[in-house]
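Naming: A, B, ... by sequence-line order, numbering from 1 per chain. Since we're looking at a predicted model, the values are computed, not measured.
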Amino acid sequence: MSNKPVESILDAAATSDTLAGSVEVHLDTYPIEVREEELALALDRLEARIAAEQRPRMSPWPFLIGLAAVAAGSLLVLRADTAFVSGDLSDASPLHQAVVVPPPPVVVHTSSEGLDFSPPGRRVELVGPAKVLSASDPRSAVVLVQEGTAQTDEGTEVEAGQWALLTRDKEGTAHTVIFPDGASPPPLSDDIWGATEVDAQLRAVRWETLPERTHDALQHLFEEKP
Amino acid sequence: MNLPPPKRDFLKRQIRWAMGRGLPAQAAEDVVFEAWHKAAETFDKRRGSFEAYMQRIVRNKCTDWWRRESSVERAHNHLRLVPASRESRREERASRHQTALLAALDPSELAVFNAWALQRHLGKGRVTSRDMSQSLGMAPADYENAKRRLRTRIETLMTDFGWSVRSLLHGEDDVEQAG
């Protein structure tokens, strides 16, 4: 409490029901001016959270089965390459060409320094000790905060257990989507995001979150296939 | 939760309303999200429209938000080993004094008092003197002058009533008013 009497009384408006009631009535008549840019960002985040909550939860099994299928496909293509020593991938079916495209690079980030994604020209700072996983391509980036808190370049906080999707549109406007881990991402407009690329990045980062023994088990599974 | 998502305009109004109560954007977003969650789980069509129901929850959550913010601080500052009944009498006395003080201010003084109290509480870089002067429709310089006049006015009233700050805020060392 302040030593000045008037300041002490003013400060008590937060702790006295009588004075607080007066301030609340005041707010009905004199609302505080809202910063439109902050409101717009909060609205985008809120819509993304509601959309994520409304979509059915993602079960890990379809994902793991999908991974197994992709990995098995890769092995088949490798074997086909071996069989056709001088062949090239132009002979492979589009599906096979797709499965041999290397996944986006995934960076496990635990230092106190930020992450630069350039392009698409976005940056994420770590707020104190934090552990994040990220992947990016020239159009977008995805970040999963596993520990601590990160903050995007436009001030959005991303807490442990949340994904951040980052991009910048043709006009240079930054777009950020936050959604909780364990939920599906909200629908992403293709013209801004390139949903296929974002999906590939999400899967790549998710793969990195799997325990080592799961990786080993999957590898054995693939190797035992005839 | 099979309800369709609320319309963007509706969500925007809710966030705007919450931010207009002094909630930071992140807190306003959280309040509206929690309200949507609660409304989606407990909505009953017999209660009217979903949006009206959710709006009531938003308003309930926003009311007292800034008071709840300081509830921990209040608990630390005001915990005393005194009998409950004695404490209750003091609180009643303090409340009477505060009501009398507010009633002695004219409407424009009261508006400045409330704006200044909010500024001090929500301040910390979030709400500036300029924000508060704008909310009152005053020029920043006029608002600063009004605060100076209010300081003198409150000090005069305290002298006239014969109250100390402790008696006003905590009902202690009370000097009962004659008449």
Side-chain angles (χ1 to χ4, degrees), chain A residues 1-57 149 151 154-159 178-180 186-187, chain B residues 1 3 5-6 8 11-12 15-17 19-22 24-26 28-29 32-33 36-37 40 63-64 66-67 69-71 73-74 77-78 91 94-95 98-99 101-102 110-111 113-122 127 131-132 134-137 150-151 154-155 158 164-165 168-169:
Chain A
M1 185 177 287
S2 168
N3 289 327
K4 296 180 180 178
V6 175
E7 274 75 1
S8 296
I9 296 166
L10 291 163
D11 289 347
T15 56
S16 148
D17 286 344
T18 304
L19 299 179
S22 171
V23 173
E24 278 159 11
V25 170
H26 169 88
L27 278 168
D28 289 339
T29 313
Y30 303 103
I32 294 170
E33 191 165 340
V34 170
R35 292 185 174 87
E36 295 297 328
E37 66 278 15
E38 288 182 10
L39 188 151
L41 288 171
L43 181 59
D44 286 346
R45 291 194 301 265
L46 176 65
E47 282 198 312
R49 288 169 73 179
I50 290 177
E53 196 81 4
Q54 285 194 313
R55 291 179 69 175
R57 297 260 167 188
T149 304
Q151 188 171 45
E154 31 71 74
T156 304
E157 284 206 342
V158 193
E159 294 171 356
I178 309 291
F179 66 97
Chain B
M1 290 187 216
L3 295 159
R8 185 174 171 86
L11 293 176
K12 189 174 184 178
I15 296 179
R16 182 185 296 285
W17 195 87
M19 289 176 73
R21 312 279 304 177
Q26 186 85 48
E29 175 198 331
V32 178
F33 180 73
W36 169 78
H37 216 280
T63 301
D64 295 345
W66 61 282
R67 279 198 279 182
E69 277 286 282
S70 62
S71 60
E73 185 185 348
R74 174 168 42 184
N77 287 344
H78 293 254
E91 284 178 1
S95 178
Q98 291 162 18
T99 303
L101 178 73
L102 296 176
L110 185 59
F113 174 87
N114 289 322
W116 193 1
L118 269 174
Q119 185 192 337
R120 285 183 66 84
H121 183 68
L122 299 175
V127 177
D131 292 328
M132 298 318 300
Q134 280 180 348
S135 77
L136 296 176
L150 179 64
R151 176 191 298 282
I154 289 175
E155 287 169 352
M158 296 284 286
S164 66
V165 172
L168 179 75
L169 300 183

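What you find for A:Val34 and B:Gly20 is that their closest heavy atoms are CG2-N, 3.8 Å. Taking every heavy atom of both residues into account, B:Ile15 and A:Leu46 meet most closely at CD1-CD2, 3.7 Å. Shown here for A:Glu7 and B:Arg120, the closest heavy-atom pair between the two residues is CG-NH1, 3.2 Å. Residues A:Ser8 and B:Leu169 share a closest heavy-atom pair of O-CD1, 3.7 Å.
Only the side chain of B:Ile154 comes within less than 4.5 Å of a heavy atom in chain A; its backbone stays farther off. At a 4.5 Å heavy-atom cutoff, the contact between B:Ala111 and chain A is made by backbone and side-chain atoms alike. Residue contact with chain A, scored on non-hydrogen atoms closer than 4.5 Å, involves the backbone and the side chain of B:Leu136 alike. Heavy atoms closer than 4.5 Å to chain A are found nowhere in B:Ala94, neither backbone nor side chain.
In this structure, B:Asp131 and A:Arg35 have side chains that are in contact, with non-hydrogen atoms separated by less than 4.5 Å. In this structure, B:Phe33 and A:Glu53 have side chains that are in contact, with non-hydrogen atoms separated by less than 4.5 Å.
Note that the CD atom of B:Glu29 and the CZ atom of A:Arg49 stand 4.5 Å from one another [nearest 0.5 Å]. A distance of 6.0 Å separates CD1 in A:Ile9 from CG in B:Leu101, rounded to the nearest 0.5 Å.
Applying the salt bridge (charged side-chain N to carboxylate O under 4.0 Å, His left out) criterion to B:Arg8, with sequence neighbours excluded, gives A:Asp44, A:Glu47.
At a threshold of 4.0 Å, the pair A:Glu36-B:Arg16 counts as salt-bridged, since one of the basic side-chain nitrogens sits closer than that to a carboxylate oxygen.
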Anything under 3.5 Å between a donor and an acceptor, one on a side chain of residues 25-32 of chain A, the other on a protein residue two or more places apart or in another chain? List them.
from	atom 1	to	atom 2	distance (Å)
A:Asp28	OD1	B:Arg21	NH1	2.5

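Ranked by heavy-atom pairs under 4.5 Å with chain A, the first of B:Pro6, B:Gly137, B:Ala115 is B:Ala115. Looking only at heavy-atom pairs under 4.5 Å with chain B, the residue among A:Val6, A:Leu41, A:Leu43 that has the most is A:Leu43.
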